[in-house]
2 protein chains.
Amino acid sequence: MAKPPATIRDVARHAGLSVASISRVLNGHNHVHPDTRKKVIEAMNALGYIPNAAARSLSTAKSHAIGVVLPDLHGEFFGEVVRGMDKAASERGYLLLLSTMHADSRLAHQAMGTMRGRVDGLIIMAPQLSAEDLAQAIPADLPAVLINSPADATHYNLRIDNRGGVMLMVRHLLAGGRKNIVHLAGYSGNLDAAERADAFREAMQMLAPDLPVRIVEGDFTDASGEQLVQQLLADGTQFDAIFAANDMMALGALQTLRTVGIEVPAKVAVAGFDDVPMARHLGLSTVRVDMAGIGERAVRRLIDQLEGSSEPPALARQSPTLVARASTGR
Amino acid sequence: MAKPPATIRDVARHAGLSVASISRVLNGHNHVHPDTRKKVIEAMNALGYIPNAAARSLSTAKSHAIGVVLPDLHGEFFGEVVRGMDKAASERGYLLLLSTMHADSRLAHQAMGTMRGRVDGLIIMAPQLSAEDLAQAIPADLPAVLINSPADATHYNLRIDNRGGVMLMVRHLLAGGRKNIVHLAGYSGNLDAAERADAFREAMQMLAPDLPVRIVEGDFTDASGEQLVQQLLADGTQFDAIFAANDMMALGALQTLRTVGIEVPAKVAVAGFDDVPMARHLGLSTVRVDMAGIGERAVRRLIDQLEGSSEPPALARQSPTLVARASTGR
DNA sequence: GATTGACATGTAACCGGTTACATATATGAC
DNA sequence: GTCATATATGTAACCGGTTACATGTCAATC
């Protein structure tokens with residue numbers, strides 16, 4: 001019944017050849033006679049032979065696997081990123097080894113340690129880690145590509161072009177005649193939150209130096225969006241546009257405005273960042289980030305690096321696009 | 001600089017012991033003197049030793065990895081399921097090898113083949129495959145646990161309790177005084193779609209035998225939800241409740257009703273299934289499925305099986321819960 | 001006909017762990 | 001003091017591939 005799976009030596013015996021020939025056929029080496037190749041393939045089929053991955057990676061010191069370390073992402077980002085990665089990986093014959101990592105940097109270290117020896121390289125997304133913690137956590141001998149993580153001179157780093165995205169939206173809001181834009185920032189420990197807030201400040205300075213720049217800090221949750229807008233209203237702050245650092249906060253803002261009876265977009269425009277599926281349903285204008293594209297690019301780049309064609313590490317930016325919907329205008 | 005990583009023999013030499021002792025310490029075997037253990041641990045730390053996973057799994061024929069084959073899920077399910085799986089896997093010291101599988105059954109076969117020899121077992125979610133295709137695709141020698149897949153006598157199968165969930169919602173709608181409930185079904189090839197439609201029919205029969213049972217078929221997309229309701233209106237069908245087989249279709253239905261000016265829930269109640277994050281924001285009543293819980297359970301069960309404590313294969317149902325929101329009444 | 005080189009194939013060492021078995025030492029029973 | 005037993009450690013074979021090197025064959029060249 002459960003007879004042990006065929007090994008390369010079984011195939012060799014069955015084909016009347018040596019293991020070397022089998023291996024050569026397996027790896028598409030040259031110097032193999034067509035007849036021999038045929039015999040080998042027949043024997044492999046006859047025995048249902050599948051090479052043992054562990055043995056192979058032991059002798060080649062390659063696993064054809066990529067470790068992916070992602071934060072405990074909620075929402076659809078997770079799936080998006082992974083989808084893109086899987087696409088790129090399977091195209092090039094690699095498998096994805098997945099591990100989610102929680103905010104704790106000790107656990108990050110552990111997550112990556114577990115992967116050592118099982119993967120040829122790592123893709124790491126760690127927007128919540130400090131540069132030092134990150135540098136500590138990455139095994140020195142493993143090639144790695146970072147996504148949305150703190151800068152690091154030794155690794156390729158793929159980031160969202162937050163500056164470009166914010167610029168698009170600020171321009172859009174200003175074009176719609178908005179004069180008092182308030183930015184709801186994400187929590188300050190987060191890299192993208194910080195960049196978006198800075199970019200907002202800069203964009204305003206550049207595009208509308210006379211207008212006030214107001215930034216209040218939230219934590220990326222819809223509850224925080226609701227609460228920040230309530231606060232603004234309670235303070236009597238004047239505003240005709242809310243630009244949140246992500247869609248969830250924008251939705252919270254929308255919610256509060258609707259509850260209070262302030263018309264959107266007539267009185268106040270609302271915009272977010274990310275373009276979660278919900279945004280389309282609620283007519284929320286936002287900045288779309290192609291997360292699947294980022295995942296795909298990251299894996300491609302890592303494999304290129306693994307297979308030798310390695311350009312120097314650099315910081316690349318994935319450009320987002322503007323998605324104008326009902327919440328910012330007619 | 002890049003000196004080769006330490007091997008178990010290096011550690012043995014450094015500690016003045018044999019490789020067997022190192023290995024015993026590594027695997028927590030008994031018959032090791034405390035002093036020896038200490039010496040070994042010191043040597044390992046001194047050399048920064050990390051055991052080579054490939055070598056280990058070659059000699060033990062265990063990889064401590066679980067293959068996960070998921071369909072090309074869009075939306076948040078993907079992340080949810082994987083989060084649950086990762087939790088259970090990392091708790092037990094396993095890693096997740098991920099592969100998304102597209103509808104094509106040949107590709108399914110390929111996806112699982114790639115994993116052979118690299119994983120100790122498989123978790124497969126294949127709601128779109130036929131029972132035969134599925135049976136074909138799973139390597140016979142690999143333990144596997146199925147999620148939301150066609151029945152199969154040889155594997156443990158974890159499914160959503162569609163019947164229970166539908167019953168909850170139908171009861172809720174009837175309790176709200178609804179008399180003409182229309183069920184928007186998913187596309188017929190899908191297992192859950194079929195079960196939900198059947199369950200709807202049964203629930204109505206059981207709870208309100210006198211009321212009409214109407215079912216129309218869509219394809220799980222919001223566009224299809226919109227279109228089905230338009231069709232119902234065009235046909236002049238009377239209805240005071242829409243119960244869609246998933247949230248996306250329910251959202252489409254909401255959209256159409258809003259456009260046409262039919263008040264929800266005053267005139268028509270709308271309910272979905274899944275409880276995607278959007279549902280909460282739009283006040284959509286729905287049936288909540290704990291996908292993370294399913295992922296977690298599936299992995300636990302697979303590991304139990306791998307490690308010997310194997311109950312017989314069975315069909316288990318994960319119970320959903322009712323989430324009553326604005327769309328079905330106060 | 002001898003020399004050369006291209007091509008085809010085989011032999012055996014090696015990758016880095018695990019572990020059956022052998023051996024050595026300590027402990028206790030008689 | 002001897003023997004049995006438990007405990008601690010070492011030796012070497014083995015897992016299933018890859019590949020450097022050796023060997024063998026054949027056609028082309030002079």
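Throughout, a chain's letter reflects where its sequence line sits, starting with A, and its residues are numbered from 1.
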**Q.** Steps toward salt bridge (charged side-chain N to carboxylate O under 4.0 Å, His left out) verdict (B:Glu42, B:Lys39)
**A.** CA-CA 5 Å; B:Glu42 276 165 14; B:Lys39 270 195 281 181; over 6 Å; no
(Q) Between B:Ser21 and B:Ala55, which residue's closest nucleotide on DNA chain C lies nearer the 5′ terminus? (A)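 Final value for this comparison: B:Ala55.
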Q) Mapping A:Pro34 and B:Ala54 to their closest nucleotides on DNA chain C, which lands nearer the 5' end? A)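 On the 5' side of the pair lies A:Pro34.
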Could you check how far [atom1] of [X] sits from [atom2] of [N], rounded to whole Å?
X	N	atom1	atom2	result
B:Lys39	D:dA8	NZ	P	13 Å
A:Asp35	C:dA8	CG	P	10 Å
A:Ile8	C:dG10	CD1	P	12 Å
B:Leu58	C:dG16	CG	P	12 Å
A:Asn30	C:dC7	CG	C1'	10 Å
B:Ile22	D:dT11	CD1	C1'	14 Å
A:Leu47	D:dG16	CG	P	14 Å
B:His29	C:dA20	NE2	C1'	13 Å

Are any of the side-chain heavy atoms of [X] and [Y] separated by less than 4.5 Å?
X	Y	result
A:Tyr94	A:Leu96	no
A:Leu146	A:Asp152	yes
A:Ile294	A:Ile160	yes
A:Ile124	A:Ile138	yes

Contact under 4.0 Å: [X] side-chain N or O vs [N] OP1/OP2:
X	N	result
A:Arg24	C:dT9	no
A:Thr7	D:dG16	no
A:Ser18	C:dG10	yes
A:Ser59	D:dT18	no
B:Asn52	C:dC15	no

Give one of base, sugar-phosphate or nothing for [X], where a contact means two heavy atoms less than 4.0 Å apart.
X	value
A:Leu17	sugar-phosphate
B:Val32	sugar-phosphate
A:Thr36	sugar-phosphate
A:His33	sugar-phosphate
A:Asn27	sugar-phosphate
B:Ser23	base

Q) Regarding A:Arg159 and A:Gln318, is there a side-chain donor-to-acceptor distance under 3.5 Å anywhere? A)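 Side chains of A:Arg159 and A:Gln318: no pair found under 3.5 Å.
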(Q) What's the closest nucleotide to the side chain of B:Arg56 if the choices are C:dG17, C:dT19, D:dT9? (A)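 Nearest to the side chain of B:Arg56 among the choices is C:dG17.
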Q. Which nucleotide sits closest to the side chain of B:Ala20: D:dT11, D:dG17, D:dT19?
A.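 Nearest listed nucleotide: D:dT11.
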